[in-house]
2 protein chains.
Amino acid sequence: METLSSTLQAISDPTRRAIIDRLTRGPARVTDVAAPFAMSLAAVSKHVRVLEKAGLVRRTRQGREHTLALEAAPLREVASWAARYEQYWTERLDRLEAYFANRRPPR
Amino acid sequence: METLSSTLQAISDPTRRAIIDRLTRGPARVTDVAAPFAMSLAAVSKHVRVLEKAGLVRRTRQGREHTLALEAAPLREVASWAARYEQYWTERLDRLEAYFANRRPPR
DNA sequence: CAGATGTTTAACCGTGCGGTTGAATATTGT
DNA sequence: ACAATATTCAACCGCACGGTTAAACATCTG
């Protein structure tokens, strides 16, 4: 997929966000990644596949072990999409200010 | 709700992102918001409710008309969550550089 | 080879999603 | 009062999600 929708859908699950976070501490096997979670390995395996299909995780098979690595690039799109609305969450603090900011660009 | 998970789940749908975008051009009624979409009004009404429950849209009823306004605050959490991984998508461009950056903080 | 280890696959389950249609509920305007 | 307008509600549909368990597959090791 690799679309913004699939990226957002992938990271909307807390388990998958935790997996992403885990992979910032370096590559890890599926079993290692699964260890902290109170769910079956098969369930984590599914989560990993969702992340993989969304392009957020890269898998390299070496023997029976699958090593997972974070591929953070799609998160850049998420950040830049959210950043579009920065003025709306800052200016929302003062409603009138936001109104005039839209009438005439700020700064 | 108002959690990161519910925010992400809400914005993972392209129709709902389009609604958010529409509301940056100012408040609008449900019917106005629904106009561009090739789906029933009831479907859009559901989308609006998802956004409302996620705290992304504020509704003010005036007579039979419901006026919707963007409430962008939850998007700030999304942006800051994604920003955590900035180093991983920038440094990932040069794998070795990322490795040393983790061994010893960059800059 | 046999057994342990790492991982996925398959079938299933309950639940929620995104959509529909049709009816109900409010409110406005003539 | 009546009809039009704005919106939601309810029931339904197909499908995907997040989880389970049991089996299969692949690889390593004694």
Side-chain angles (χ1 to χ4, degrees), chain A residues 1-23 26-71 74, chain B residues 1-23 26-71 74:
Chain A
M1 302 251 169
E2 185 67 41
T3 67
L4 180 58
S5 287
S6 69
T7 304
L8 289 170
Q9 194 268 339
I11 66 178
S12 72
D13 183 274
T15 300
R16 288 193 291 260
R17 286 200 304 280
I19 292 173
I20 287 175
D21 203 60
R22 164 65 216 260
L23 292 179
R29 298 174 310 154
V30 176
T31 305
D32 299 334
V33 159
F37 300 109
M39 70 180 69
S40 73
L41 185 62
V44 174
S45 177
K46 280 189 183 180
H47 281 303
V48 168
R49 213 164 67 151
V50 171
L51 290 169
E52 199 182 2
K53 282 194 174 174
L56 285 162
V57 156
R58 188 174 30 87
R59 179 196 308 255
T60 58
R61 297 162 188 76
Q62 41 205 12
R64 61 186 163 183
E65 301 184 355
H66 297 204
T67 299
L68 309 172
L70 180 60
E71 202 70 71
Chain B
M1 302 251 168
E2 184 68 38
T3 68
L4 180 57
S5 287
S6 69
T7 304
L8 289 170
Q9 194 268 337
I11 66 177
S12 72
D13 183 273
T15 300
R16 288 194 289 262
R17 286 201 304 280
I19 292 173
I20 287 175
D21 203 60
R22 164 66 217 261
L23 292 179
R29 298 174 310 154
V30 175
T31 306
D32 299 333
V33 159
F37 301 109
M39 70 180 70
S40 72
L41 184 62
V44 174
S45 176
K46 280 188 182 180
H47 281 302
V48 167
R49 208 157 74 142
V50 170
L51 290 169
E52 199 182 2
K53 282 194 173 174
L56 285 162
V57 156
R58 189 176 29 86
R59 180 196 308 256
T60 59
R61 297 162 187 75
Q62 41 204 12
R64 63 184 162 185
E65 301 184 354
H66 297 205
T67 298
L68 309 173
L70 180 61
E71 203 71 70

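Quantities reported herein were computed from a predicted structural model and do not represent experimental measurements. In what follows, chains carry the letters A, B, and so on, assigned in the order in which the sequence lines appear, proteins first and then strands, with residues in each chain numbered from 1.
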Taking every heavy atom of B/L56 against every heavy atom of B/L70, the minimum-distance pair comes out as O-CD1, 3.5 Å
Closest to the side chain of A/R29, out of D/dT7, D/dT8, C/dT7, is C/dT7
Those residues at least two apart in sequence (or on a different chain) that pass side-chain contact (heavy atoms from CB on, under 4.5 Å) with A/V44 are A/I19, A/V33, A/A34, A/F37, A/M39, A/V48
Whether each nucleotide of nucleotides 20-28 of chain C has a protein heavy atom under 4.0 Å at its base (B), only at its sugar-phosphate (S) or at neither (-) is summarised, 5' to 3', as BB-----BS
Residues at least two apart in sequence or cross-chain that pass salt bridge (charged side-chain N to carboxylate O under 4.0 Å, His left out) with B/R29, listed by chain then number, are B/D32, B/E65
Taken to the nearest whole Å, NE2/A/H47 to C1'/C/dT7 is 16 Å
Side chain to side chain donor-acceptor pair (under 3.5 Å) filter on A/T31, not counting sequence neighbours, yields none
At less than 4.0 Å, is any side-chain N or O atom of A/S45 found next to OP1 or OP2 of C/dT9? Yes or no. no
What contact category does B/R49 fall into here, base, sugar-phosphate, or nothing, at under 4.0 angstrom with non-hydrogen atoms? sugar-phosphate
**Message:** Using OP1 and OP2 only, check whether a side-chain N or O of B/H66 sits under 4.0 Å from D/dT8.
**Reply:** yes
Sorted by chain and residue number, the side chain to side chain donor-acceptor pair (under 3.5 Å) partners of B/R59 (sequence neighbours excluded) come out as B/E52, B/H66
In this structure, CG of B/L8 is separated from OG1 of A/T7 (nearest 0.5 Å) by 11.0 Å
For B/P14, the side-chain contact (heavy atoms from CB on, under 4.5 Å) test, sequence neighbours excluded, returns A/S5, B/R17
So, with a heavy-atom separation below 4.0 Å from DNA chain D, the residues of residues 9-18 of chain B are none
Applying side-chain contact (heavy atoms from CB on, under 4.5 Å) to B/V50 and not counting sequence neighbours gives B/Q9, B/A10, B/R16
